[in-house]
Novice: 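I have a structure I would like to understand better, so I am pasting it below and will then ask my questions one at a time.
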Number of protein chains: 2
Amino acid sequence: MSELQRRPTLMDVAEVAGVSRALVSIVMRGAPGAAESTRQRVLEAARQLGYRADSRARLLRSSRTKLLGLIFSSSQPFHSEIVDAAYAEASARGYEIALSAVASGRPEARAIETLLDVGAEALIIIAPTLSADDLAQHARQVPVVSLLRDNVGDLVDSVSSDDYAGIAIAVDHLVSLGHSRIVHVDGGAAVSSDRRRETYRSEMIRHGLQPVVVPGGPGEEDGMGAGQILQENLPTAVIAFNDRSALGIMENFRAAGIRIPEDVSVLGYDDSHFAKLSFVQLSSVSQDAPLLAAAAVGRAVDRIEGAKSPGSVVRTPHLVLRKTTTRAPAGN
Amino acid sequence: MSELQRRPTLMDVAEVAGVSRALVSIVMRGAPGAAESTRQRVLEAARQLGYRADSRARLLRSSRTKLLGLIFSSSQPFHSEIVDAAYAEASARGYEIALSAVASGRPEARAIETLLDVGAEALIIIAPTLSADDLAQHARQVPVVSLLRDNVGDLVDSVSSDDYAGIAIAVDHLVSLGHSRIVHVDGGAAVSSDRRRETYRSEMIRHGLQPVVVPGGPGEEDGMGAGQILQENLPTAVIAFNDRSALGIMENFRAAGIRIPEDVSVLGYDDSHFAKLSFVQLSSVSQDAPLLAAAAVGRAVDRIEGAKSPGSVVRTPHLVLRKTTTRAPAGN
DNA sequence: ATAGTCTTCTAGATCGTTCTAGTCGAACCA
DNA sequence: TGGTTCGACTAGAACGATCTAGAAGACTAT
């Protein structure tokens, strides 16, 4: 069995190249202050030894890790899309991302600790459930960016999607298709469920319509249950809290022989991977994960690199129309 | 605006507790050699200051981080289930997990580097796509455990599910229900697709049946496409490469008015979150994510803590019967 | 009393970097 | 000529932990 070999250090390279440690350091990180000829000699020595900087030592000294902590929930597919996009943006800005998941038996606080342990310079938390106070607590140590939630106090940055606008365009769209009996299946205890519900209510009233809210939740089964309730007095259109819930609603309708969109239009929220599938073709409000992720990474980097005051970025979502919404059936 | 305060160091704690740095170090890592009374005093001081050990400094000196690197693919829901379970097991064994995702534009090699940079003591890679040689290369630096793939050379540990057994029980089950025209929709270029396909072939032959393979892939759309082909000459049962593919197949059938399981039985693989949904009830081969995750974490920890030789653990999957499989229709 | 053993604690070296504050010539300037 | 500036380079102190060696005091054994 081959030994785990000790990796070469700056000192080793310095000896081979016949210069000091410090100079090798200068050359390795491309800093100015070395003659071109020696630079080449050092690089050659490094190559020959297979030298790779020990990031732990480097970071210990410079207290820079170029690491962004990202906290997501492993059970939310939409979060995965954000993670993907965040990687791209971070790497474009010269940062790496350290991930930590919130899972069953692993609360947000624990995820935060892990990320601080590995040296994250800022924290991006997707849909944080901690109280504004707790978040502020952490924000005293490192910049914290809340993604998809904006009522987080003024020590914490936030990047969110405009839920008012999202629900408003959803209602507008359905109204413009002639719907008047539009029901909202809410997200129960999920982050931003309250706001979407209330916005739905006021938008309906603004249009002179009667708001009806059916309790739901963020998962497929929640939608399934809501579908059952909806059947008792079928509306012509449903705005679901998210795509997963919409799926449950649609499955419930399908089982009962209710046609979509002929009998009921269904609108999702998130425009997730799932909504795009050819056999789903769910019309949905897109929060545009890549843009949100990019904005969050951008804020985090800006804060790390000196921006003093936290701020909040709000992006306007847009509607992606597919095949689950259509004109209201005649006679409604 | 309040300053971002410097995080407290051993020295700070030592001053507050009125002891030396070294003693604080002893207390913090629970090493023997401190009187109970001082231990309490130090712990209290640490708590009060909110002290957290700096893992970089610790690693630099001792090369212990108690950190396990876990690499998964953000687009695979099944991987998320493993991640969940891995967290639980790792924390039970006193380790933390550092995650790194493989995403578009972010190859496995990059994910590995990130994890080594934050100081992972071992790497667990879910369904690695790197060559056995490349994996062996990394295995010279840290223990590497391959999860869900076992042909990884003998420098790398592997924890996998027995694909032979999995497909065999799938075929056995369908045969015992009287099916003879059983088709396999394969996983295309996905890891372990080849093995499942070949096992399917030999199991069919063993039962004196004619194997038929339809090309597929790991996603819903792949299953959708395969469904189209299957319709041309409908079998009585289909074994899909995984649950996502099974979903696509079922949707295609449903659109064509083909009933499941009355007309065709469909069997998935992975027993994912999705298969369990009340309106899906997909019969599936379960690889038991929690057990696999626990085994992988176990191997990684064992290797870190001294086990010399890499080994491979193979777990036998089992069938989870729900509502998509039934007796073969009469006359087939 | 002397030596030996424990227990509890500490000083100082060390890990592999980066950073600060120089040194040492050579070139430049008036 | 003597002073300043500049470029190339280096010694040694950080960074925040762990580890080794050993000191100080209490206790035991002879």
Side-chain angles (χ1 to χ4, degrees), chain A residues 4-43 45-46 49-67 113 116-121 141-142, chain B residues 4-43 45-46 49-67 96 116-119 121 141-142 304:
Chain A
L4 293 186
Q5 67 232 22
R6 194 181 63 85
R7 46 193 284 177
T9 74
L10 268 190
M11 195 59 208
D12 299 325
V13 178
E15 263 164 24
V16 170
V19 294
S20 71
R21 266 172 16 231
L23 191 59
V24 177
S25 171
I26 286 170
V27 171
M28 293 318 289
R29 72 199 127 97
E36 188 50 32
S37 58
T38 17
R39 190 176 288 273
Q40 289 309 325
R41 192 151 39 90
V42 169
L43 285 174
L49 290 177
Y51 171 80
R52 274 198 75 208
D54 181 326
S55 62
R56 277 80 77 174
R58 157 175 300 180
L59 301 173
L60 174 57
R61 177 59 232 213
S62 64
S63 58
R64 292 301 317 271
T65 55
K66 290 259 178 180
L67 213 53
E113 281 183 15
L116 293 180
D117 272 355
V118 302
E121 295 186 63
Q141 297 201 41
V142 294
Chain B
L4 290 190
Q5 67 229 24
R6 197 179 55 84
R7 59 192 265 175
T9 74
L10 268 193
M11 194 59 206
D12 300 324
V13 178
E15 264 165 22
V16 170
V19 294
S20 71
R21 266 172 17 232
L23 191 59
V24 177
S25 172
I26 286 171
V27 171
M28 292 318 289
R29 72 199 127 96
E36 189 50 33
S37 59
T38 16
R39 190 176 290 272
Q40 289 310 325
R41 192 153 37 91
V42 168
L43 286 175
L49 290 176
Y51 171 78
R52 332 209 62 237
D54 182 323
S55 66
R56 292 155 292 176
R58 160 175 298 180
L59 175 63
L60 175 56
R61 180 59 228 209
S62 72
S63 44
R64 289 308 313 272
T65 53
K66 291 261 181 178
L67 213 54
E96 256 301 339
L116 292 180
D117 275 355
V118 301
E121 295 186 63
Q141 296 201 42
V142 294
I304 290 173

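Reminder, nothing fancy here: chain letters follow the sequence lines and each chain counts from 1. These values consider heavy atoms only, across backbone and side chains, with no hydrogens, waters or symmetry-generated copies.
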Novice: Determine whether B/R56 and A/V118 make a side-chain contact, defined as any pair of heavy atoms from C-beta on separated by less than 4.5 Å.
Specialist: no

Novice: Near DNA chain C, which residues from residues 27-40 of chain A have a heavy atom under 4.0 Å away?
Specialist: A/R29

Novice: Can you tell me which residue pairs pass the salt bridge (charged side-chain N to carboxylate O under 4.0 Å, His left out) test with a partner in residues 9-20 of chain B, sequence neighbours excluded?
Specialist: B/R6-B/D12

Novice: Earliest and latest nucleotide of DNA chain D, 5' to 3', sitting under 4.0 Å from a non-hydrogen atom of chain B?
Specialist: D/dG16 to D/dC19

Novice: Can you name the nearest heavy-atom pair linking B/L60 to A/A57, along with the distance?
Specialist: CD1-CB, 3.8 Å

Novice: Can you see which heavy atom on A/V142 is nearest to which on A/E121, and at what distance?
Specialist: CB-O, 3.7 Å

Novice: Tell me: CG of A/L59 to P of C/dC19, nearest whole Å?
Specialist: 11 Å

Novice: Rounded to the nearest 0.5 Å, what separation is found between the CZ atom of B/R39 and the CG atom of B/L23?
Specialist: 8.5 Å

Novice: Would you check, one step at a time, whether the test salt bridge (Lys or Arg N to Asp or Glu O under 4.0 Å) holds for A/E113 with B/R52?
Specialist: CA-CA 9 Å; A/E113 281 183 15; B/R52 332 209 62 237; 3.3 Å; yes

Novice: Taking all heavy atoms of A/V16 and all of A/A45, pick out the closest pair and write down the distance.
Specialist: CG1-CB, 3.6 Å

Novice: Using nucleotides 10-14 of chain C, report all nitrogen or oxygen pairs with the protein that are shorter than 3.5 Å.
Specialist:
| unit_1 | atom_1 | unit_2 | atom_2 | d |
| --- | --- | --- | --- | --- |
| C/dT10 | OP2 | B/S20 | N | 2.8 |
| C/dT10 | OP2 | B/S20 | OG | 2.9 |
| C/dA13 | N6 | B/R21 | NH2 | 3.1 |
| C/dT14 | O2 | B/R61 | NH1 | 2.3 |

Novice: Applying salt bridge (charged side-chain N to carboxylate O under 4.0 Å, His left out), name anything that partners B/R29, two or more places apart in sequence or on another chain.
Specialist: none

Novice: Under 3.5 Å, side chain of B/R58 to main-chain N/O of B/A53, donor-acceptor pair present?
Specialist: no

Novice: Please check: side-chain N/O of B/R21 versus main-chain N/O of B/L10, any donor-acceptor pairing under 3.5 Å?
Specialist: no

Novice: Just how large is the angle between the end axes of the helix from C/dA1-D/dT30 to C/dA30-D/dT1, five pairs per end, to 10 degrees?
Specialist: 50°

Novice: Looking for any heavy atom pair under 4.0 Å, which part of the strands does B/T9 touch: base, sugar-phosphate only, or nothing?
Specialist: sugar-phosphate

Novice: Measure from the side-chain N and O atoms of B/E96 to the backbone N and O of B/L67, and report whether any donor-acceptor pair falls under 3.5 Å.
Specialist: no

Novice: Keeping the roles fixed (side chain from B/T38, backbone from B/A34), state whether a donor-acceptor pair exists under 3.5 Å.
Specialist: no

Novice: Hey, are the side chains of A/M28 and A/Y51 touching, using non-hydrogen atoms and a 4.5 Å cut-off?
Specialist: yes

